[in-house]
Structure formats: structure tokens, C-alpha cells
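The next block holds one structure in the form of C-alpha cells; read it before the comments.
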Amino acid sequence: NAGVMQNPRHLVRRRGQEARLRCSPMKGHSHVYWYRQLPEEGLKFMVYLQKENIIDESGMPKERFSAEFPKEGPSILRIQQVVRGDSAAYFCASSAFAEVGELFFGEGSRLTVL
Amino acid sequence: GDSVTQMEGPVTLSEEAFLTINCTYTATGYPSLFWYVQYPGEGLQLLLKATKADDKGSNKGFEATYRKETTSFHLEKGSVQVSDSAVYFCALTTNTGNQFYFGTGTSLTVIP
């Protein structure tokens, strides 16, 4: 049973470019979370999605950032016009929520903005 | 609002020393509590969990007891190994909102 798959694992962008990070949840999971981890800092919640719905985006910057989880295909976190401060590790996690359960994390996508 | 506060690091211990990482929480309702571990360059992995008061979660020699009276879920291990070097995150989720709240993480380094 494949785990949470994130790609790319490493992404380098120049300031002003766009970054797209993908996350395929575990099979059977319909709840996806995105977190950002800055160097030497903790894990910051960004957004929680279910299929075709954004449930909670309270942790996501109002500008340049967007997320989706379409009916078919992976969840995508999109960062437009990246700046150096966007350099971080972005983690996706999924959950089944048949009952209150755990989050299963991907290995993360590390974005470097030059 | 719901939140988790955990002991700040970094923590450095000698091999076979006793480990405690403190975690306290604030929550409405009846949260489930978790400890996650992150090894260098990897994602977070569930270490242990407890879903109701007085439950003890345990795994790989680590233990944590859900204490409702002190709103705590401290992580302990009797004898740490070099391979336990990692960042440890305390987390909670409640039955409403399906949201997870993480602490800031505690970095542990175990030296031979």
C-alpha cells in the first residue's frame, strides 16, 4: 500500500516564477493537509482539503498561494511569483477519517528560491 | 482555541540517558493526542498516540500518558540510543473540525 507521495522532492525556482507541488494521498484517503516547515521552525498548518472542497485555509497566505484537490488526480499547492521567503519544506499529509485517526505524511517537497 | 505547547530544544543527551519531552495542550472537547517523529531529511512518522484520558501510548521504548487533570502528554524513554536523534512533535486533534494542531517540535541529539 503506497504511502503519501509528494513530488517533486526538490524544486528550485527563481524569484517571480511559479512553484507547483503535488501530493497523492494514501489510497482510500479523502482528506489532505498541507504544512510548511521553515528552517529551524516548527510545522505550520496551511490548508485542509477534501475532494473538490477547501475546508480550512486559515493558515495560507492570502496572496500568491492556492491549493486544490480535484475529483481526479493529486492535490496541488501552487505558489505564484515566489520570493526567497517561500523557501521551505512543504509537507502533505492525508487521513481517512473513518474515525479520528492519524495523519500520514509524505516525505516533503523542498523548495529553494534563488 | 486548540493548541499544543511543547518543551523547547534542542536537547542533547548521552546514550542510555533518560528522556522526557514535555507537552501540554489546550482543547475544547475531548482531543486525541499524538507524538510524531521526524528523522533528518524525512517526513513525519507517527510514534504513538492516545485517544482518551489515562490511555498510555507506547512504541519503540517510548511512552506517553494522556493526563486530563494536568492537560499533558509528556514523552518519555528510559534509555535513549543514537538512532533516536530526531525532531519530536506533539500534536492533537479533536472530533470537531478534523484539524490537527502541532507543537513547534523538539530536536533531540543523542551522543555516544
Side-chain angles (χ1 to χ4, degrees), chain A residues 2-10 21 23-26 29-51 53-60 69 88-110 112, chain B residues 1-10 21 23 25 27-53 55 57 59 64 66 73 86-109:
Chain A
V4 177
M5 304 300 292
Q6 288 188 250
N7 69 83
R9 290 293 310 277
H10 300 276
L21 310 178
C23 170
S24 296
M26 284 184 70
H29 287 191
S30 59
H31 301 253
V32 166
Y33 300 77
W34 284 93
Y35 291 86
R36 177 164 64 176
Q37 186 175 40
L38 291 165
E40 308 303 322
E41 293 190 18
L43 214 56
K44 302 294 184 185
F45 166 76
M46 298 184 74
V47 62
Y48 163 40
L49 311 103
Q50 296 180 22
K51 284 282 187 181
N53 285 303
I54 297 174
I55 307 302
D56 182 351
E57 57 181 346
S58 59
M60 200 145 72
F69 189 16
Y90 292 84
F91 289 95
C92 171
S94 72
S95 176
F97 274 112
E99 54 186 37
V100 174
E102 66 186 87
L103 289 181
F104 292 83
F105 280 82
E107 294 189 328
S109 292
R110 283 158 180 81
T112 300
Chain B
D2 297 343
S3 66
V4 172
T5 302
Q6 67 179 98
M7 183 173 101
E8 291 195 13
I21 301 177
C23 171
Y25 67 90
T28 54
Y30 303 96
S32 294
L33 302 172
F34 304 82
W35 277 100
Y36 280 82
V37 59
Q38 183 182 29
Y39 298 104
E42 299 184 10
L44 278 71
Q45 305 170 27
L46 180 67
L47 181 59
L48 53 84
K49 68 179 181 182
T51 58
K52 61 183 187 297
D55 270 1
N59 186 26
Y66 187 163
F73 193 55
V87 180
Y88 293 82
F89 292 88
C90 186
L92 73 81
T93 186
T94 59
N95 288 335
T96 59
N98 294 335
Q99 178 55 281
F100 280 77
Y101 300 90
F102 284 84
T104 53
T106 302
S107 175
L108 169 67
T109 301

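Each chain gets a letter, A, B and so on, in the order the sequences are listed, and its residues count up from 1. In what follows, every heavy atom counts, from backbone to side chain, and hydrogens, waters and symmetry copies are set aside.
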Decide side chain to side chain contact (heavy atoms under 4.5 Å, CB included) for Phe102(B) and Gln37(A); before the verdict, give the C-alpha distance in whole Å, the side-chain angles of both, and the deciding distance to 0.1 Å. CA-CA 11 Å; Phe102(B) 284 84; Gln37(A) 186 175 40; over 6 Å; no

Is it the case that more than 12 heavy atoms not belonging to Lys52(B) sit under 6.0 Å from its NZ atom? no

Rounded to the nearest 0.5 Å, what's the gap from CG on Leu43(A) to CZ on Phe100(B)? Could you check? 12.0 Å

Could you walk me through whether Tyr36(B) and Phe105(A) pass ring pair (Phe, Tyr, Trp, His ring centres under 6.0 Å), step by step? CA-CA 10 Å; Tyr36(B) 280 82; Phe105(A) 280 82; 5.6 Å; yes

Between Gln6(A) and chain B, with a heavy-atom cut-off of 4.5 Å, which part of the residue counts as in contact: side chain, backbone, both or neither? neither

Met5(A), CE: over 12 other non-hydrogen atoms inside 6.0 angstrom: no

Please state whether the side chain, the backbone, both or neither of Gln45(B) comes within less than 4.5 Å of a heavy atom of chain A. neither

